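Quick caveat, the model's predicted, so the values are computed rather than measured. Computation of the quantities below employed the complete heavy-atom set of this structure, encompassing side-chain atoms and omitting hydrogens, waters and symmetry-equivalent molecules. Just follow the structure's listing: the first ligand is 1, and inside any ligand the first atom is 1.
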Amino acid sequence: MADYSRDCPEIVTQVPSAQKERYKSLRNLFIERFGSEPAFFTRAPGRVNLIGEHIDYCGYSVLPMAIQQDILIAAGPNSDQMLVFKNTNPEYRDFTSNIGDFKIDPTNPLWHNYILCGFRGIVEAECVSVPSGMNLLVDGTIPPSAGLSSSSALVCCGSLVTMHINGLEIPKRKLADICMRCEHYIGTQGGGMDQSICFLAETGTAKWIQFNPIRATNVSLPPGVAFVISNSCVELQKAATSHFNIRVVECRLATQVLAKSKGLDWKQFKVLAKLQEALAVSLEEMLDNVENVLHPEPYSKKEICEILGVSEEELNKESLSQNTLEVTSFKLHDRAKHVFGEANRVMKFKEICDQAPSDAAIQLGELMSDSHTSCRDLYQCSCEHLDQLVELCRLSGSLGSRLTGAGWGGCAVSMVPSEIVDDFISKVQAGYYAANPKLQCRVKESLFATEPGNGANIFEMT
Ligand code: ADP
Ligand code: MG
């Protein structure tokens, strides 16, 4: 059993004064839509990952911070056992269902499914036999499908609503754990970074997040730098495509082929960090293992079956996900090489922040840029527009820039000397957004400096 006792920032607080107007208008809209007052609000932030991409689901630590953009839900109970979800954005259609009568459909991941993940996660984890009906009005400011984790903010916000409406109190670390698992109902087999930072973030600090069990440690970023997010505006909805799960599966297969080569019972190993732990060797030695055992050319499914000594049917069951069953070719060498290299960069990043040498910002910037190169070349999770944007950010004066989040589009994050942030933003605006009217009209919400924000909360109006 995980020990959650070393928790936790206060979860129920008052609405910050700067935000009161937004809460008031959401309250008024709730009254308009539901004909009653909301009982409370829940808020869950998006996040930007500074370093450690695609390694949380391999068991390795990551280094994100929460951003100001969020999902905000006004909530009230209903007595007719209904789940009624509405959204301030008309693109997201109303959803209504009886409480015991909904399906989370991974083949059609409409927005309300993410809230249902949070609902189901809490109900199952806490064995709630007769959950309360819920009227919800959702208002989101996180650019969707852009690598800033709007999906997990929805899941986490939905879980908080469910917890509070049913009179439960659950520590934030346990909520992170529940949400990490229940987002899998939508089909993406992610790790726990997004849900962990969503709950455990604190204003003014980035967090070093470790897994098994989830832990969050403050990280002091160097003075004199700012983090600027730039959205390529290429969207990838993770649950609607197999890009993400293919990488998860490639890492799982790399783990199992490496485990088999070491004479271990490969079925016991699903993630690279567990294999490293069993072999009791360093990340550098794991990189040597990659070079010695795995070939750079893609593996066919047949070859993997032969190496592991299983039928295709058994491999499907042991190692693949529902939406990767048709994939026939897997890159194991490059994916594993990225994971071990990136895990190493996270450790170095944390060490530099802790030791704070005089050239800390320069060293951190280099690690961020190396991370992007590895994502682009080894993990192949970037895309042309995002690569161009990252390059432009570097030429515009960043100390380091990289894609952030799952990739294949979405955002870049840049570490920029504070005194040139305005100049940096003008240059990136001119170089990426200005030439294209479709991008130019979205520049305000697509290109901005950000600071480490607070984690998820429940708010009561006073
Ligand atoms: P990311 O987590 O990187 O933002 P995902 O593809 O994982 O991207 O999740 C994006 C999905 O989350 C959207 O397709 C939509 O279903 C849902 N979503 C995001 N923001 C909102 C919002 N404000 N209201 C309703 N649903 C939202
Ligand atoms: Mg997501």
Side-chain angles (χ1 to χ4, degrees), residues 22 26 29 33 41-49 53-54 56-57 62 64 66-75 83-95 104-119 136-158 161 179-180 182-198 229-245 247-248 323 375 381-383 386 403-413 442 445-446:
R22 180 177 173 215
L26 193 60
L29 212 52
R33 303 269 181 99
F41 297 85
T42 56
R43 173 190 178 270
R47 60 98 189 95
V48 58
N49 189 22
E53 217 58 80
H54 284 282
D56 58 343
Y57 55 75
V62 293
I67 57 176
Q68 280 69 44
Q69 288 81 346
D70 60 20
I71 297 284
L72 180 64
I73 301 183
L83 297 173
V84 187
F85 306 163
K86 298 177 190 260
N87 203 298
T88 56
N89 180 342
E91 275 177 31
Y92 300 115
R93 298 259 196 90
D94 290 0
F95 169 78
I104 299 172
D105 182 2
T107 62
N108 188 19
L110 297 173
W111 74 281
H112 58 261
N113 286 287
Y114 295 92
I115 301 188
L116 292 173
C117 286
F119 173 79
L136 308 184
L137 180 58
V138 176
D139 183 53
T141 58
I142 308 166
S145 303
L148 301 178
S149 198
S150 66
S151 65
S152 302
L154 258 184
V155 173
C156 295
C157 221
V161 161
C179 289
M180 171 180 87
C182 71
E183 192 163 339
H184 286 197
Y185 295 141
I186 200 91
T188 38
Q189 301 193 337
M193 166 170 66
D194 302 346
Q195 302 82 1
S196 302
I197 190 66
C198 187
I229 292 173
S230 49
N231 189 352
S232 68
C233 300
V234 177
E235 288 187 7
L236 181 89
Q237 198 193 347
K238 266 68 79 183
T241 60
S242 55
H243 293 66
F244 188 87
N245 279 359
R247 292 293 177 275
V248 177
N323 67 349
C375 284
C381 63
S382 189
C383 69
L386 194 49
L403 68 82
T404 185
W408 296 286
C411 293
V413 58
R442 293 174 59 183
E445 70 267 19
S446 304

Starting from atom 6 (O) of ligand 1, locate the nearest protein heavy atom and write down its residue, its atom name and how far away it is, to 0.1 Å.
-> Lys238 N, 2.9 Å
Please name the residue in the list Ile142, Ile186, Ile71 that meets the side-chain contact (heavy atoms from CB on, under 4.5 Å) test with Leu154.
-> Ile71
When the aromatic ring centroids of His112 and Tyr92 are compared, is their separation below 6.0 Å?
-> no
Distance in Å, Cys157 SG paired with Tyr114 OH, rounded so as to fall on 0.5 Å steps | 15.0 Å
Do any N/O atoms on Gly147 end up under 3.5 angstrom from N/O atoms on ligand 1?
-> yes
Whether Phe95 and Phe85 hold their rings parallel, tilted or perpendicular, with breakpoints at 30° and 60° | tilted
Donor-acceptor pair, side chain of Glu183 and main chain of Gln195, under 3.5 angstrom = no
Of all the heavy atoms in Leu236, does at least one lie under 4.0 Å from an atom in ligand 1?
-> yes
Among Pro144, Ala406, Ser151, closest by heavy atom to atom 9 (O) of ligand 1 is Ser151
Report yes or no: does Ser149 have an N/O/S atom closer than 2.8 Å to the Mg ion (ligand 2)?
-> no
With heavy atoms of Gly140 as the reference, note each atom of ligand 1 found under 4.0 Å away.
-> 23 (N)
May I ask you to decide if the ring planes of Trp408 and His243 are parallel, tilted or perpendicular, using 30° and 60° as cut-offs?
-> perpendicular
Per-atom contacts, ligand 1 versus Ala146 - under 4.0 Å to a heavy atom | 3 (O), 4 (O)
Does Asn89 have a non-hydrogen atom less than 4.0 Å from ligand 1?
-> no
Which residue from Tyr114, Tyr92, Phe244 reaches closest to atom 21 (C) of ligand 1 through any of its heavy atoms?
-> Tyr92
Shortest heavy-atom approach to atom 25 (C) of ligand 1 - which of Asn87, Thr88, Thr141, Leu148 = Asn87
Asn113 side-chain N/O to Pro106 backbone N/O, donor-acceptor pair under 3.5 Å | no
Please confirm whether the backbone N or O of Arg47 pairs with a side-chain atom of Asp194, one donor and one acceptor, at under 3.5 Å?
-> no
So is there a nitrogen or oxygen of Ser145 less than 3.5 Å from a nitrogen or oxygen in ligand 1?
-> yes
Identify the protein heavy atom lying closest to atom 19 (C) of ligand 1, giving its residue, its atom name and the separation to 0.1 Å.
-> Ser150 OG, 3.1 Å
Could you check which of Ile73, Asp194, Leu154 puts a non-hydrogen atom nearest to atom 17 (C) of ligand 1?
-> Leu154
N/O separation below 3.5 Å, Gln237 to ligand 1 = yes
Verify side-chain contact (heavy atoms from CB on, under 4.5 Å) between Val234 and Leu386, making sure each step is shown before the conclusion.
-> CA-CA 8 Å; Val234 177; Leu386 194 49; over 6 Å; no
